[in-house]
Number of protein chains: 2
Amino acid sequence: MSTSRRKKHAYHHGDLQAALVLTAGKMLEKEGVEALKLREVARQAGVSHNAPYRHFTRREALLAALAAEGFEWLGAAQRKAAEAGGLRGMGEAYVSFALAHPQRFRLMFGGQIRIARHVRLREVAMRTFEGLSGALAARAPEAHGARDASVAAWSLVHGLALLLMGERIAPAALGGRKRDAFVRDVLSSIRFVVGPAQPAA
Amino acid sequence: MSTSRRKKHAYHHGDLQAALVLTAGKMLEKEGVEALKLREVARQAGVSHNAPYRHFTRREALLAALAAEGFEWLGAAQRKAAEAGGLRGMGEAYVSFALAHPQRFRLMFGGQIRIARHVRLREVAMRTFEGLSGALAARAPEAHGARDASVAAWSLVHGLALLLMGERIAPAALGGRKRDAFVRDVLSSIRFVVGPAQPAA
DNA sequence: GCCTTGATGTTGACATTGTCTACTTATCAT
DNA sequence: ATGATAAGTAGACAATGTCAACATCAAGGC
């Protein structure tokens with residue numbers, strides 16, 4: 001119900017909301033959250049410094065929109081990967097997403113947004129998580145440690161993504177492999193315990 | 001070589017640098033990085049708004065000091081846990097640390113500090129990481145997947161810590177367990193593969 | 001006992017930013 | 001046509017990070 005009128009008198013931009021999210025998204029990916037100034041977004045969108053407030057109550061609301069968009073992308077990527085690559089593929093897709101959109105990923109999980117206050121964000125995030133844990137739980141329906149193992153799996157990919165993003169993993173650990181190969185090997189280096197766990201060293 | 005003169009004339013505070021790190025640390029833990037205003041720190045330390053610039057070239061430098069302090073704490077906790085609890089104990093200690101100092105942990109890994117530019121931070125962080133991966137690698141010295149497994153282990157605890165911090169893990173997953181017990185179970189739900197990995201589902 | 005000197009603090013200024021209030025203009029339903 | 005309302009603009013304000021210029025104290029050489 002929008003995206004119709006364009007470039008008339010420049011008053012009433014047409015679909016400013018979307019335009020703001022778009023340019024803000026670009027700025028986010030390029031410079032990070034800290035450098036995402038509301039006024040600069042307005043400037044680049046060609047509107048006055050206050051126009052964004054007609055669409056977002058505050059800066060945080062714009063950030064929330066960006067994060068929500070990110071969760072949608074991530075969810076879509078997960079669904080696609082689930083078909084093709086199974087569980088392992090989902091894991092690789094998760095890491096891939098994070099490395100492809102590092103700043104966005106940081107925004108989604110960085111904790112600067114109070115999720116509770118942004119309905120849409122909360123919903124889309126929950127939906128994505130459910131898709132994730134659903135796929136994980138479906139693998140070992142009722143074994144005792146299944147739920148724990150699914151949390152572990154998620155933790156693993158999440159942590160790996162963040163450590164790679166932060167360049168915290170010594171280049172030596174790569175051992176000459178390309179990043180995708182490295183990720184696959186790391187994810188392959190563990191096995192899940194489904195039955196009652198026996199203590200291990 | 002300080003902490004000597006105190007409350008003389010209030011000019012020349014005595015050891016402002018340490019005082020700033022201290023009050024900034026409290027503010028950090030309480031309100032998060034975003035809310036850590038340089039001027040407010042100065043105010044609470046009882047000095048003028050510009051005094052901090054005699055000790056930190058910019059805001060980021062103060063943040064770096066806080067992060068470095070955090071890495072020292074984490075390193076110490078790791079060493080202590082290594083003696084008592086072995087590898088599993090180190091993992092639990094890692095998560096514990098993150099949950100005990102969430103904002104500090106976020107600062108340490110949040111990516112808002114350009115580590116390369118802060119010598120002390122870089123060094124202490126590297127030292128901590130080396131202690132970590134050293135302990136991990138010592139476990140399976142030269143097996144093919146050992147290095148990968150150690151990365152996986154670190155990723156696992158790191159991710160678990162962050163997901164717990166962000167309240168991203170559904171309360172249902174806890175299943176009534178206390179948090180420490182939950183962490184232990186999750187960490188126990190995987191097993192590392194040391195030999196050549198065979199493909200798994 | 002002074003006086004220079006460097007480190008440490010202070011004052012004042014400036015550009016930027018997020019956000020508030022009031023005003024203006026375009027759009028759409030009647 | 002018209003009038004309500006959504007969308008944009010203009011201007012103001014307090015805060016903040018940071019810069020430059022000035023002030024004060026501690027110490028050491030004379």
Side-chain angles (χ1 to χ4, degrees), chain A residues 1-24 27-28 30-67 107 112-114 117-118, chain B residues 1-24 27-28 30-67 107 112-114 117-118:
Chain A
M1 69 299 254
S2 30
T3 71
S4 39
R5 357 76 187 135
R6 279 284 153 76
K7 55 180 91 145
K8 273 290 182 185
H9 278 82
Y11 224 107
H12 285 64
H13 174 287
D15 193 355
L16 185 60
Q17 170 135 4
L20 290 174
V21 172
L22 198 105
T23 76
M27 281 177 62
L28 169 68
K30 194 173 304 178
E31 304 268 13
V33 205
E34 329 282 343
L36 180 46
K37 327 273 190 190
L38 215 39
R39 283 171 112 109
E40 181 63 24
V41 174
R43 224 167 278 144
Q44 290 202 20
V47 291
S48 89
H49 69 246
N50 246 328
Y53 282 88
R54 292 297 135 185
H55 300 274
F56 303 97
T57 60
R58 4 176 183 148
R59 189 181 110 107
E60 194 186 344
L62 175 54
L63 296 186
L66 290 172
L107 177 64
Q112 18 205 340
I113 306 177
R114 271 98 48 161
R117 305 193 186 182
H118 305 271
Chain B
M1 70 296 254
S2 28
T3 69
S4 40
R5 5 59 194 149
R6 276 287 152 74
K7 56 179 92 146
K8 274 289 181 186
H9 279 82
Y11 223 107
H12 288 63
H13 175 286
D15 193 354
L16 185 59
Q17 171 134 2
L20 289 174
V21 171
L22 197 105
T23 75
M27 282 177 62
L28 169 68
K30 194 175 301 179
E31 304 267 13
V33 203
E34 329 283 344
L36 180 46
K37 328 272 190 191
L38 216 38
R39 283 171 112 110
E40 180 64 23
V41 174
R43 224 167 279 143
Q44 290 202 21
V47 292
S48 89
H49 67 246
N50 246 328
Y53 281 88
R54 293 296 137 185
H55 301 272
F56 303 97
T57 60
R58 6 178 182 142
R59 189 182 111 106
E60 193 187 345
L62 176 54
L63 297 186
L66 290 173
L107 178 64
Q112 18 205 341
I113 306 178
R114 272 99 47 160
R117 305 194 187 182
H118 305 271

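Chain A is the first sequence line, chain B the second, and so forth, proteins listed ahead of strands; every chain is numbered from 1.
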Tell me: [atom1] of [X] to [atom2] of [N], nearest whole Å?
X	N	atom1	atom2	answer
A/Leu62	C/dT17	CG	P	15 Å
A/Leu38	C/dG18	CG	C1'	7 Å
B/Leu16	D/dT24	CG	C1'	15 Å
B/Glu34	D/dT16	CD	P	14 Å
B/Tyr53	D/dA23	OH	P	22 Å
B/Gln112	D/dG17	CD	P	14 Å
B/Arg43	D/dT16	CZ	P	5 Å
B/Leu63	D/dT18	CG	C1'	15 Å

Which residue lies toward the 5' end of DNA chain C, A/Thr57 or B/Ala51, if each is placed at its nearest nucleotide? B/Ala51

Nearest to the side chain of A/His55, which nucleotide is it out of C/dG18, D/dG17, D/dG8? D/dG8

Which nucleotide in the set C/dG18, D/dG8, D/dG17 lies at the smallest distance from any side-chain heavy atom of A/Lys37? C/dG18

Between [N] and [X], counting only base atoms on the nucleotide and side-chain atoms on the residue, is there a donor-acceptor pair under 3.5 Å?
X	N	answer
A/Arg58	C/dG18	no
B/Arg54	C/dG9	yes
A/His49	D/dG8	no
A/Asn50	C/dG18	no

Determine the minimum heavy-atom distance between A/Ala45 and A/Leu20, stating which atoms define it. CB-CD2, 4.0 Å

In short, B/Ala67 meets B/Leu107 closest at the heavy-atom pair N-CD2, 3.9 Å

Base, sugar-phosphate alone, or nothing: which one does B/Arg59 contact when heavy atoms must sit under 4.0 Å apart? sugar-phosphate

Heavy-atom check, side chain of A/Leu36 versus side chain of A/Arg59, under 4.5 Å: yes

Rounded to the nearest 0.5 Å, what separation is found between the OG1 atom of B/Thr23 and the CG atom of B/Leu28? 11.0 Å

Working to the nearest 0.5 angstrom, can you tell me the gap between A/Met27 CE and A/Gln44 CD? 5.5 Å

